[in-house]
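Numbering of ligands and ligand atoms starts at 1, following listing order. For reference, positions follow the sequence shown, starting with 1.
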Amino acid sequence: MNIAIVGATGNVGRKILEVLEKKKLSINELFLVASQRSAGQKLNFNGKEHEVFDLETFDFSKVKITFFAAGGKISEQYALKAAKHSIVIDNSSFYRMDPNVPLIVPHVNPEAIKNMKKNIISNPNCSTAQLVIVLKPLHDLFNIERIVVSTYQSVSGGGKAPMDELIAQTQMHLENYLHPENDLNKIKSKNFTKQIAFNAIPHIDVFADDGYTKEELKMSNETKKIFGERIKLTATCVRIPVMVSHAESVNIQFEKSFSLEKIRDALNKAKGCEVYDSRKDGGYSTPIEAEGRNQTYISRIREDKTNKNSLNLWIVSDNLLRGAALNAVEIAETLIKNNFNGKQ
Ligand SMILES: NC(=O)c1ccc[n+]([C@@H]2O[C@H](COP(=O)([O-])OP(=O)(O)OC[C@H]3O[C@@H](n4cnc5c(N)ncnc54)[C@H](OP(=O)(O)O)[C@@H]3O)[C@@H](O)[C@H]2O)c1
C-alpha cells in the first residue's frame, strides 16, 4: 500500500504520521508532500527520514490512498487530480457537503463509504466528529430531536500559526501584567479577530448572512448529513486560549424518555467513547487531559429538568486526533477492510 500525505508538515499531517506509526499499517512507500517552502525538508517516520515533496510537481500515479490536510483551497485545486489514481481522504471542508462524497466517522457511519462516487471521502469538522461519536449510541436508543451545543475550541483547530501566536500573546500579556512600569507591549492579533491570550472569542470562521458563523453552520449541516435531515442542531462556537482539544457543552432533546443509567451504559459501551463522570471535585475531563488520547470523554451527565426528555453533557476530545488524524486513518482502515480499490 503506497500512501501520500499532502500537508505532511502541518499539525494534522504530522499527527497522521504519528497515528500511522502507532497503527502499524502495512505501508510500502510513504510520500510526504507540502508546499514549495518545505520541499526538501526531512521528516521522520518509523525511524527513517523521508523527504518532503513539492505538491505542484508531485506525481500521484504511484499512490493508493492520499490524505489531504492542507486546507480547502489546496483540496479544491488538487484532490480531483489525486483521485484519478488514489482514494483521497480529505480533512478540509471543501467536499464535505458534496452529495457524491461521503462524510465518514468510522465508529458512526462506516456504511456510507459505499456512496463514494469521486474517489474522495471527507473527514468531518473536528467539533462535529467528537460530537457525533457521542450522539450515535444515544440516537440509536432514544431518537434525538434537537441539540444545542456551545463549543470551547482550542487554537490548534486553526493550524500551526495560531498556536505560535497564542504563545507570543501570552508572553506579552504576562509581561504587561507583571511589569506595568515598562512600556506596554501592544498585542495585535494576526490569526484571531481579537486578543486570544486570557480571552474567549465567540467567532470561528467567517460570518454568514443570518449571523451564524461558518463553523456553527458546519456543525449543523454535517450532523444532518451523517444522521439525516430530521436532527436539528444549533451551535455557538467559541475559540479559547487552550492549545489542543475541544470541549463542548451539549443539551440533547430526545423523542423517547431515557434513564441516566441507560445513557451511561450506552456511552460506556460505545466505540471511541469513555465516560469520565464522578460528581466530585475533578471528576470530569478537561482539554489538557484529553490531549494525545484517542477516546472522546463524556462528563457532567445530568438530566435537564427544565425540558422533557432532555440531557446535559460535557464532551472533550483531542481535535487533532479524533477531529482529524485518527479519524482519517480509521477511514483508511475501513477502506482496506472493505477491499476498496479506488475504481469507480
Ligand atoms: N487542526 C484541526 O483540529 C483540524 C481538524 C479537522 C480538520 N482540519 C483541517 O485540516 C487541514 C490542515 O489543518 P492544519 O491544522 O494541519 O493546518 P497547518 O498546521 O497550518 O498545516 C497546513 C499544511 O498545509 C500545507 N500547505 C499550505 N499551503 C500549501 C500549498 N500551497 N501547497 C502544498 N501544501 C500547502 C503546509 O505546508 P508548509 O509547511 O509547506 O506550509 C502544511 O503542511 C485544514 O483543511 C483544516 O481545516 C484541521
Side-chain angles (χ1 to χ4, degrees), residues 4-19 31-43 50-58 60 66-79 81-82 88-97 103-105 120-133 151-166 190-191 204-206 213-215 218-219 222 237 239-240 242-248 287 290-292 296 316-331:
I5 305 173
V6 175
T9 52
N11 268 343
V12 173
R14 283 171 189 267
K15 273 282 165 209
I16 292 175
L17 277 174
E18 273 179 44
V19 176
F31 300 98
L32 306 182
V33 187
S35 76
Q36 215 171 31
R37 293 179 291 275
S38 319
Q41 257 185 39
K42 301 260 169 40
L43 296 180
H50 287 66
E51 190 178 337
V52 176
F53 297 101
D54 179 1
L55 174 62
E56 262 185 48
T57 50
F58 183 70
F60 286 96
T66 308
F67 295 99
F68 268 75
K73 285 203 177 113
I74 299 298
S75 295
E76 179 180 10
Q77 228 179 317
Y78 291 95
K81 182 179 170 195
V88 168
I89 300 172
D90 186 22
N91 281 285
S92 84
S93 61
F94 189 75
Y95 284 102
R96 284 187 199 143
M97 296 316 293
L103 182 65
I104 305 274
V105 175
I120 301 175
I121 297 173
S122 274
N123 212 13
N125 180 257
C126 38
S127 31
T128 311
Q130 72 179 64
L131 178 65
V132 295
I133 215 163
T151 68
Y152 303 72
Q153 295 181 224
S154 66
V155 294
S156 61
K160 288 181 293 189
M163 293 171 87
D164 294 340
E165 186 169 1
L166 172 58
K190 280 192 229 132
N191 296 285
I204 302 177
D205 211 330
V206 295
T213 63
K214 222 175 127 190
E215 185 81 356
K218 278 184 248 174
M219 286 195 80
E222 293 175 18
C237 292
R239 189 72 79 197
I240 57 165
V242 157
M243 277 294 175
V244 176
S245 301
H246 294 345
E248 295 172 351
E291 184 174 346
T296 295
V316 187
S317 200
D318 183 321
N319 54 297
L320 298 176
L321 278 171
R322 171 49 60 207
L326 176 65
N327 204 62
V329 174
E330 285 173 353
I331 293 173

Asks: Where do N191 and V155 land on the side-chain contact (heavy atoms from CB on, under 4.5 Å) test, with the steps shown first?
Replies: CA-CA 10 Å; N191 296 285; V155 294; over 6 Å; no
Asks: Output yes when a side-chain donor or acceptor of N91 lies under 3.5 Å from a complementary backbone atom of F68, and no otherwise.
Replies: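 Side chain of N91 to backbone of F68, a donor-acceptor pair under 3.5 Å: yes, one is there.
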Asks: Is there a side-chain contact between V316 and Y152, using heavy atoms and a 4.5 Å cut-off?
Replies: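 A side-chain contact is absent here, since even the closest heavy-atom pair is not under 4.5 Å.
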Asks: Considering only heavy atoms of A324, which atoms of ligand 1 have at least one such atom less than 4.0 Å away?
Replies: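 Under 4.0 Å from A324, ligand 1 has these atoms: 5 (C), 6 (C).
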Asks: Specify side chain, backbone, both or neither for S156, according to which of its non-hydrogen atoms lie closer than 4.0 Å to ligand 1.
Replies: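 It is the backbone that gets close, since no side chain atom is under 4.0 Å.
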Asks: Are any of the N/O atoms in N319 less than 3.5 Å from those in ligand 1?
Replies: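 There is such a contact, yes.
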Asks: Tell me if a side-chain donor or acceptor on R14 pairs with a main-chain N or O of A8 at a distance below 3.5 Å.
Replies: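 Not at all, since once roles are kept as given, no pair shorter than 3.5 Å links the two residues.
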Asks: Given A8, G323, A70, which has its nearest heavy atom closest to atom 6 (C) of ligand 1?
Replies: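 When every heavy atom of A8, G323, A70 is considered, G323 comes closest to atom 6 (C) of ligand 1.
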Asks: Using a 4.0 Å heavy-atom threshold (strictly under), name the region of R37 that reaches ligand 1: side chain, backbone, both or neither.
Replies: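 The part of R37 near ligand 1 is the side chain, not the backbone.
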Asks: Just jot down the ligand 1 atoms closer than 4.0 angstrom to any heavy atom of T9, in number order.
Replies: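 In order of numbering, the contacting atoms are 36 (C), 37 (O), 38 (P), 39 (O), 40 (O), 42 (C), 43 (O).
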Asks: List the closest protein heavy-atom neighbour of atom 40 (O) of ligand 1: residue, atom name, distance to the nearest 0.1 Å.
Replies: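 For atom 40 (O) of ligand 1, the nearest protein heavy atom comes out as S38 OG, 2.3 Å.
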Asks: Return the closest protein heavy atom for atom 8 (N) of ligand 1 as residue, atom name and distance.
Replies: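 Protein heavy atom at minimum distance: N91 O, 3.8 Å.
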Asks: Please confirm whether R96 comes within less than 3.5 Å of ligand 1 when only nitrogen or oxygen atoms on both sides are compared.
Replies: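 No, there is no polar N/O contact under 3.5 Å.
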Asks: Within the structure, does L320 bring an N/O atom to less than 3.5 angstrom of an N/O atom in ligand 1?
Replies: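 No; the residue has no nitrogen or oxygen that sits under 3.5 Å from a nitrogen or oxygen of the ligand.
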Asks: Report the part of L55 (side chain from C-beta onward, or backbone N, CA, C, O) that has a heavy atom under 4.0 Å from ligand 1; answer both or neither where that applies.
Replies: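 Looking at L55 and ligand 1, just side chain atoms fall under 4.0 Å.
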Asks: Using a strict 4.0 Å cut-off to heavy atoms of G157, name the atoms of ligand 1 that fall inside it.
Replies: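 Answer for ligand 1: 1 (N), 2 (C), 3 (O).
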Asks: Assess whether side-chain contact (heavy atoms from CB on, under 4.5 Å) is satisfied between Q77 and E56, documenting all intermediate values.
Replies: CA-CA 10 Å; Q77 228 179 317; E56 262 185 48; over 6 Å; no
Asks: Please check this pair: side chain of S156 against backbone of M243, looking for a donor-acceptor N/O pair closer than 3.5 Å.
Replies: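 The answer is yes, because a donor-acceptor pair under 3.5 Å joins these two groups.
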Asks: Which residue and atom name correspond to the protein heavy atom nearest atom 15 (O) of ligand 1, and how close is it?
Replies: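 Atom 15 (O) of ligand 1 sits closest to the protein heavy atom G159 CA, 3.2 Å.
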Asks: If you have a sec, work out which protein heavy atom is nearest atom 16 (O) of ligand 1 and how many Å separate them, to one decimal?
Replies: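 The closest one turns out to be V12 N, 2.8 Å.
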Asks: Can a salt bridge be assigned to the pair E18 and K15 using a cut-off of 4.0 Å between side-chain N and carboxylate O?
Replies: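 Salt bridge flag = yes for K15 with E18.
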Asks: Would the distance check show the side chain of D205 and the main-chain N or O of T213 forming a donor-acceptor pair, the cut-off being under 3.5 Å?
Replies: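 Absent.
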Asks: Taking atom types as modelled, is there a side-chain donor on D90 or S75 under 3.5 Å from an acceptor on the other?
Replies: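 Distance-only check passes for D90 and S75.
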Asks: Evaluate N125 against E222 for side chain to side chain donor-acceptor pair (under 3.5 Å), listing each step before the verdict.
Replies: CA-CA 8 Å; N125 180 257; E222 293 175 18; 5.1 Å; no
Asks: Considering G7, C126, S93, A69 one by one, which has a heavy atom nearer to atom 12 (C) of ligand 1 than any of the others?
Replies: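 Of the listed residues, A69 has the closest heavy atom.
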Asks: Less than 3.5 Å between some nitrogen or oxygen of N125 and one of ligand 1, yes or no?
Replies: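 No; every N/O pair is 3.5 Å or more apart.
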Asks: On a heavy-atom basis, I'd like to know which of Q153, K15, K160 is closest to atom 20 (O) of ligand 1.
Replies: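 Comparing heavy atoms across Q153, K15, K160, the nearest one to atom 20 (O) of ligand 1 lies in K160.
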Asks: Is there side-chain contact between Y78 and V6, with at least one heavy-atom pair below 4.5 Å?
Replies: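 Contact flag for Y78/V6 side chains = no.
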Asks: Going by distance only, is there an N or O of G71 that falls short of 3.5 Å from an N or O of ligand 1?
Replies: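 For ligand 1, there is an N or O atom that lies under 3.5 Å from one belonging to G71.
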Asks: Name the closest protein heavy atom to atom 34 (N) of ligand 1, giving the residue it belongs to and the distance to 0.1 Å.
Replies: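 Closest protein heavy atom to atom 34 (N) of ligand 1: S35 N, 3.2 Å.
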Asks: Within the structure provided, determine whether S92 and I74 are in side-chain contact (heavy-atom separation under 4.5 Å).
Replies: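 SC-SC contact between S92 and I74 ruled out.
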Asks: Within the distance-only criterion (no hydrogens, no angle test), does the side chain of E215 pair as donor or acceptor with the backbone N or O of C237 below 3.5 angstrom?
Replies: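 Checked: no pair found.
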Asks: Can you tell me the protein heavy atom closest to atom 19 (O) of ligand 1 and the distance?
Replies: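 Checking every protein heavy atom, the shortest distance to atom 19 (O) of ligand 1 gives N11 N, 2.9 Å.
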Asks: Among all protein heavy atoms in this structure, tell me which lies nearest to atom 21 (O) of ligand 1, with the distance rounded to 0.1 Å.
Replies: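 Protein heavy atom with the smallest distance to atom 21 (O) of ligand 1: G10 CA, 3.2 Å.
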Asks: For I74 and ligand 1, does the shortest N/O to N/O distance drop below 3.5 Å?
Replies: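 N/O-N/O distance under 3.5 Å: no.
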Asks: Looking at Q153, is its backbone amide N or carbonyl O close enough to the side chain of T151 to form a donor-acceptor pair, meaning the two atoms are under 3.5 Å apart?
Replies: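 Flag not set: sc T151 to bb Q153 has no pair under 3.5 Å.
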Asks: Can you check which of G13, A34, G72, A328 brings a heavy atom nearest to atom 33 (C) of ligand 1?
Replies: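 Closest candidate by heavy-atom distance is A34.
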